[in-house]
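Okay, here's the structure, questions in a sec.
Hydrogens, waters and symmetry mates are skipped; everything else that's a heavy atom, side chains included, is used.
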Amino acid sequence: MKHSIRVFLICLVLVGGTAIFAYELLNKFNVVFDDLSASGYAMALQPIPTVDKADTEQVPTSTSETIPATATSTDLVISTDIATSTDLTFSFIFPKQDSALYFGCTYKLSFESSTTVHSLATAVIDAGTLDTVEQVASGLAMEHEIEPNTQSVDWKVGVAWPGEYSISASNINGTGSGKSYSAIFTIKMMPKGISAIERLKICEESNSL
């Protein structure tokens with residue numbers, strides 16, 4: 001009888017210990033799963049990070065380099081010889097230094113050269129900024145075919161702003177030659193309220209200067 005009671009007590013202790021161990025083990029698993037669930041929930045609430053393309057992509061940008069003009073108004077006063085395989089020289093006779101040209105008047109831009117000129121390119125240059133005046137404003141054609149025994153180009157002054165200018169000549173006879181500049185002259189507006197005859201007289205007088 002005592003033996004049976006002892007066996008029963010031992011079994012009771014073993015079963016109780018096993019039950020307590022199992023409870024503790026399940027409790028630890030529950031704690032671990034609770035932590036994992038909380039972490040997963042917190043991660044789910046966090047916003048998904050976005051990648052800023054501006055930070056990750058370096059887009060190459062092309063910059064156009066502007067070469068500063070080296071010519072000055074003083075340079076424009078002196079006609080530049082154009083060096084070619086035949087030692088071509090070219091210079092303007094008119095307009096002269098400080099000539100006054102007027103809007104609407106037609107002038108002959110005369111020149112002299114070491115060889116007969118058959119063609120050339122021209123442009124009106126602002127003597128202050130050294131910018132090229134657009135053909136629509138200046139009234140001077142870009143390309144010219146020179147008639148035989150004629151060393152001049154006709155120019156009816158357009159609507160460029162009054163101020164100081166110079167004429168450039170280049171590509172003499174299609175040689176791709178460099179530029180030659182006339183002396184600096186002034187473009188002026190016609191006086192207001194004058195008659196057509198007076199306008200014509202001003203054009204003739206300014207052509208002879």
Side-chain angles (χ1 to χ4, degrees), residues 64-190 196 198-209:
S64 57
E65 182 177 349
T66 302
I67 301 175
T70 57
T72 64
S73 298
T74 304
D75 296 330
L76 297 180
V77 175
I78 304 173
S79 295
T80 306
D81 291 341
I82 304 174
T84 66
S85 58
T86 57
D87 294 327
L88 170 65
T89 59
F90 180 99
S91 61
F92 281 98
I93 300 174
F94 183 87
K96 300 177 182 179
Q97 179 72 28
D98 298 328
S99 294
L101 279 60
Y102 289 84
F103 291 152
C105 294
T106 300
Y107 299 92
K108 285 191 176 295
L109 307 178
S110 57
F111 52 83
E112 58 184 5
S113 173
S114 60
T115 186
T116 302
V117 177
H118 303 288
S119 63
L120 77 160
T122 59
V124 178
I125 309 297
D126 188 308
T129 64
L130 301 182
D131 292 332
T132 300
V133 181
E134 296 294 334
Q135 179 180 345
V136 175
S138 70
L140 180 61
M142 296 177 59
E143 303 291 339
H144 302 272
E145 296 294 331
I146 310 300
E147 296 181 1
N149 302 320
T150 303
Q151 298 292 289
S152 65
V153 171
D154 290 338
W155 175 34
K156 184 175 182 179
V157 180
V159 291
W161 285 101
E164 293 185 331
Y165 295 89
S166 175
I167 304 296
S168 71
S170 60
N171 198 28
I172 309 283
N173 293 337
T175 60
S177 55
K179 291 184 178 180
S180 178
Y181 297 93
S182 74
I184 292 179
F185 57 90
T186 304
I187 293 181
K188 296 183 177 182
M189 297 182 65
M190 278 285 182
E198 289 174 320
R199 288 174 179 269
L200 181 60
K201 184 178 180 179
I202 289 176
C203 290
E204 290 178 349
E205 290 177 348
S206 57
N207 261 296
S208 61
L209 295 177

Shortest non-hydrogen contact from F92 to L109? CE2-CB, 4.4 Å

The reported gap from OG1 in T132 to OH in Y165 (rounded to nearest 0.5 angstrom) is 12.0 Å

Supply the atom-to-atom distance D126 CG to I187 CD1, rounded to the nearest 0.5 angstrom. 9.0 Å

Just by modelled atom types, is the S152 backbone N or O under 3.5 Å from a matching donor or acceptor in the T150 side chain? no

Any donor-acceptor pair under 3.5 Å linking the side chain of S166 with the backbone of Y181? no

Do side-chain atoms of N171 reach the backbone of G176 as a donor and acceptor pair under 3.5 angstrom? yes

For N173, the option from V117, L120, T116 that meets side-chain contact (heavy atoms from CB on, under 4.5 Å): V117

Heavy-atom pair with the smallest gap, counting every atom of G174 and S119: N-OG, 3.8 Å

Start with the C-alpha distance between E164 and T186, add both sets of side-chain angles, then the distance that settles side-chain contact (heavy atoms from CB on, under 4.5 Å), and finish with yes or no. CA-CA 4 Å; E164 293 185 331; T186 304; 4.1 Å; yes

Let me have the donor-acceptor pairs involving side chains of residues 153-163, under 3.5 Å, with sequence neighbours excluded, atom names and distances please.
| residue | atom | partner | partner atom | Å |
| --- | --- | --- | --- | --- |
| D154 | OD1 | K108 | NZ | 2.9 |
| W155 | NE1 | S138 | O | 2.9 |

Tell me the closest heavy-atom pair linking A141 and Q135, and the distance in Å. CA-NE2, 3.7 Å

CE/M190: more than 12 non-hydrogen atoms of other groups inside 6.0 Å: yes

Pairs meeting criterion salt bridge (charged side-chain N to carboxylate O under 4.0 Å, His left out) with involvement of residues 132-148, two or more places apart: none

Rounding to 0.5 Å, atoms OG1 (T122) and CG (L140) come to a distance of 3.5 Å

Just do the side-chain contact (heavy atoms from CB on, under 4.5 Å) check on F185 and D98 with the steps written out, would you? CA-CA 5 Å; F185 57 90; D98 298 328; over 6 Å; no

Any side-chain heavy atom of I167 within less than 4.5 Å of one from V124? yes

Going by the rule side chain to side chain donor-acceptor pair (under 3.5 Å), which residues pair with Q151 if we only count those two or more places apart in sequence or in a different chain? none

Quick one: side chains of residues 202-209, donor-acceptor pairs under 3.5 Å with protein atoms, not counting sequence neighbours, listed by atom name and distance.
| residue | atom | partner | partner atom | Å |
| --- | --- | --- | --- | --- |
| S206 | OG | Y107 | OH | 2.7 |
| S206 | OG | I202 | O | 3.0 |
| S206 | OG | C203 | O | 3.0 |
| N207 | ND2 | T106 | O | 2.9 |
| N207 | ND2 | C203 | O | 3.1 |
| S208 | OG | E205 | O | 2.8 |

